[in-house]
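Here the structure is a predicted model, which means the values were calculated and not measured. Residue numbers start from 1 in every chain, and the chains themselves are labelled A, B, ... in the order their sequence lines are given, proteins ahead of strands.
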Amino acid sequence: MSKGLPKRSENYSEWYNELVKKADLAENSAVRGCMIIKPYGYSIWEKMQRALDDMFKETGHSNAYFPLFIPKSFLSKEASHVEGFAKECAVITHYRLKNDPNGGGVIVDPEAKLEEELIVRPTSETVIWSTYKNWIQSYRDLPLLINQWANVVRWEMRTRIFLRTSEFLWQEGHTAHSSRKEAEEETAQMLDVYATFAEEWMAVPVIKGKKTANERFAGAEETLCIEAMMQDGKALQAGTSHFLGQNFAKAFDVKFQDKSGSLEYVWGTSWGVSTRLMGALVMAHSDDLGLVLPPKLAPIQVVIVPIFKGDEQLDQISEKINPILKELRSKGVSVKFDKDDQSRPGWKFAEYELKGVPLRVAIGMRDLESNTVEVARRDTLTKEVVSIEGISDYLVDMLDKIQANIYKKAFDFRASNTYEVNSWEEFCVKIEEGGFLLAHWDGTSETEDKIKDETKATIRCLPFDVADEPGVCVYTGKPSERRVIFARAY
RNA sequence: CGGGGUGUAGCGUAGCCCGGUCAUCGCGUCUGCUUUGGGAGCAGAAGGUCGCAAGUUCGAAUCUUGCCACCCCGACCA
């Protein structure tokens, strides 16, 4: 393990890449654009999955699994959906290899060409709606509330570990409803679930809003999103929830008989978050020493490092620590007692900082005498000596404080990097500094495109929580009802 | 996919321009002793098809071509 991480301030993207690798979250694979999620990184993902999955269940959803391969013909049924994804689909054309008659390993067997080529799912709307056609006949079959945890493939031009990989892990919810209203409510409800998860678990404040037509999911009538700000001031779309209208129902002929006996197309939604959240987690909180993890998602919440010479001292420390371990575990805290005598305390301190462990407890002979321990916080990098009496309650309480503090830090950072801008000159200056710009926009795609061409900024969302405020478009001077959020984005 | 860069031991690197005991150094690893409250010290040791594949040459880490991966900048995107 080499020490030292690039500085955030000097090269943000290098810092990010190195941190992901050095903290053992993930590494690049032999296949372009794909990643190997390592055990430490995967255990964070598992915690995310657990929390989200519980929330999906609480809102009435069930998990299911649909296939990785999609018949090519399915994709072409919904016109704008095809257009959105066609450019980045991996295609299966053959089903067999054979030994190369010229030596040199194996080659694709030209005899084994598929009659209908298969697509590796970039998302599953098409397979799922072709199935829903069979599952839905009556209003009694609705609503249908399904989620799946899966991998998907989008053949990206330029990839970045966790943020944009060719293959990624995600969950995709797909629901069918008997009315527009109910589907719209579902779309909004799941956005709220995502926002709650981001803020309460990841400690990442997010802005809820609606996407513009340009940024909308291909095949959706409306896309809602949560947008987060990273420490370099760029925006990251952390989750999306789509109101599909009757687009897929019509494309796949999914109808139900309502109470009056007439046949209607069903209304759909879909919503997803992905391993991209891992990238958001890293970029939202971490520093030049390594990861800073919110306690609720940290695989190890408390690490206890004994400082000792020889087995005898370690035994004395263990005797003191063992009941505390038990107590902490009974309170649901994941704690590691690092008795390893191969590496020295200083090395361990640095290592656990790199890995973002929220709390570190050090205990040595001095502490045994005074009945204390040294507690160090990862988020503030502060240390204090604390009495060992009631230490487990103290630590549990401290974990809550850390969770709250890193949320607040991220919230304050966003607040101090969000600006109202009222002129094009101001816009151009501010956008170079990073952050969110609240500006008026005339509502047209043309203007949005022009602003993007000139500044690389896009409209992240039309936020829900801004007040109506008549004004004029920052670019064209045409009238506008309220401000929208512009930013450069990942 | 276009432009630029990089690829040498597990990690980070020197050498490449000017082919020829040059495979360098640091970290890590192994062995031993001493150490242990912020990435330990000393002594010894192991570890490399120089990204892969062709080619030029008496001889290639070094020159040529192709391929692969990664990084930066564009176009595209969760």
Could you give the CH2-to-P distance, from A:Trp347 to B:rG28, as a whole number of Å? 10 Å
Kindly point out which of B:rG39, B:rG38, B:rG37 is positioned nearest to the side chain of A:Arg360? B:rG38
Measure centre to centre between the rings of A:Phe162 and A:Trp45, then say whether the value is under 6.0 Å. no
For A:Thr455, the side chain to side chain donor-acceptor pair (under 3.5 Å) test, sequence neighbours excluded, returns none
Euclidean distance, atom CD of residue A:Gln171 to atom P of B:rA78 [Å, nearest integer]: 16 Å
Round to the nearest Å and state the distance from A:Phe168 atom CZ to B:rA78 atom P. 9 Å
Under 4.0 Å, heavy atom to any atom of RNA chain B: which of residues 122-131 of chain A qualify? none
Treating a pair as Watson-Crick (purine N1 to pyrimidine N3 plus N6-O4 or O6-N4) or G-U wobble (N1-O2 and O6-N3) with both distances under 3.5 Å, list the stems of 3 or more consecutive pairs that involve RNA chain B. B:1-7 with B:68-74, B:10-12 with B:25-27, B:29-34 with B:40-45, B:51-55 with B:63-67
If I pick the P atom on B:rU49 and the same atom on B:rA53, what distance separates them, to the nearest angstrom? 11 Å
Ignoring hydrogens and geometry beyond distance, is the side chain of A:Lys383 in donor-acceptor contact with the base of B:rG37 at under 3.5 Å? no
Among A:Arg377, A:Arg360, A:Lys383, salt bridge (Lys or Arg N to Asp or Glu O under 4.0 Å) partner for A:Glu353: A:Arg360
Quick one, A:Val273 with A:Leu52, criterion side chain to side chain contact (heavy atoms under 4.5 Å, CB included). Give me CA distance, side-chain angles, the key distance, then yes/no. CA-CA 9 Å; A:Val273 293; A:Leu52 284 163; 3.6 Å; yes
Determine, using ring centers only, whether A:His81 and A:Trp129 are less than 6.0 Å apart. no
With A:Arg378 as the cation and A:Tyr352 as the aromatic partner, state whether NZ or CZ is under 6.0 Å from the six-membered ring centre and within 45° of the axis. no
Could you check whether the rings of A:Trp170 and A:Phe168 sit parallel, tilted or perpendicular, using 30° and 60° as the cut-offs? perpendicular
Tabulated below should be each protein N or O lying under 3.5 Å from an N or O of nucleotides 71-76 of chain B; please produce it.
from, atom 1, to, atom 2, distance (Å)
B:rC72, OP1, A:Ser13, OG, 2.8
B:rC73, OP2, A:Arg158, NH2, 2.8
B:rG74, OP1, A:Lys456, NZ, 2.3

Which is true for A:Thr275 with a 4.0 Å heavy-atom rule: it touches a base, it touches only sugar-phosphate, or it touches nothing? nothing
A:Glu83, CD: over 12 other non-hydrogen atoms inside 6.0 angstrom: no
Is the distance between the ring centroids of A:Phe74 and A:Phe69 under 6.0 Å? no
Hey, does A:Gly279 reach any base, or is it just sugar-phosphate, or nothing, if we go heavy atoms under 4.0 Å? nothing
Give, ordered by number, those residues of residues 291-320 of chain A having at least one heavy-atom distance below 4.0 Å to an atom of RNA chain B; if nothing qualifies, reply none. A:Ile307, A:Phe308, A:Lys309
Single hit among A:Trp424, A:Phe436, A:Phe427, A:Trp441 for ring-ring contact (aromatic ring centres under 6.0 Å, His included) with A:Phe486: A:Phe427
Could you state the atom-to-atom distance from CD1 of A:Ile36 to C1' of B:rC70 in whole Å? 14 Å
Which pairs count as side-chain hydrogen bond (donor to acceptor under 3.5 Å, both in side chains) when at least one residue sits in residues 297-325 of chain A, sequence neighbours excluded? A:Lys320-A:Asn371
A:Glu46 side chain to A:Gln49 side chain, donor-acceptor N/O pair below 3.5 angstrom: no
Rounding to an integer number of angstrom, what distance separates B:rU56 and B:rA69 when you compare their C1' atoms? 26 Å
A:Asp24 CG to B:rG28 P, straight-line distance once rounded to whole Å: 17 Å
Distance check, C1' atoms only: B:rG5 and B:rA9, in whole angstrom units. 24 Å
In whole angstrom, what separates A:Glu374's CD from B:rG37's C1'? 7 Å
Can A:Glu125 and A:Thr123 be counted as having a side-chain donor-acceptor contact under 3.5 angstrom? yes
Looking just at side-chain N and O atoms, do A:Ser80 and A:Glu78 make a donor-acceptor pair shorter than 3.5 Å? yes
Using the P atom as the point on both nucleotides, what is the distance between B:rU62 and B:rC72, in whole Å? 27 Å
Look at the side-chain N and O atoms of A:Arg344 and state whether any lies under 4.0 Å from the OP1 or OP2 oxygen of B:rA40. yes
Identify whether NZ of Lys or CZ of Arg in A:Lys234 sits under 6.0 Å from the centre of the six-membered ring of A:Tyr490 and within 45° of that ring's axis. yes
Whole Å only: how far is the CZ atom of A:Arg366 from the P atom of B:rU36? 12 Å
Give one of base, sugar-phosphate or nothing for A:Asp341, where a contact means two heavy atoms less than 4.0 Å apart. nothing
Just how far, in rounded Å, is C1' of B:rA78 from OH of A:Tyr194? 11 Å
Suppose you measure atom P in B:rA46 against the same atom in B:rG26; what distance do you get, rounded to whole Å? 15 Å
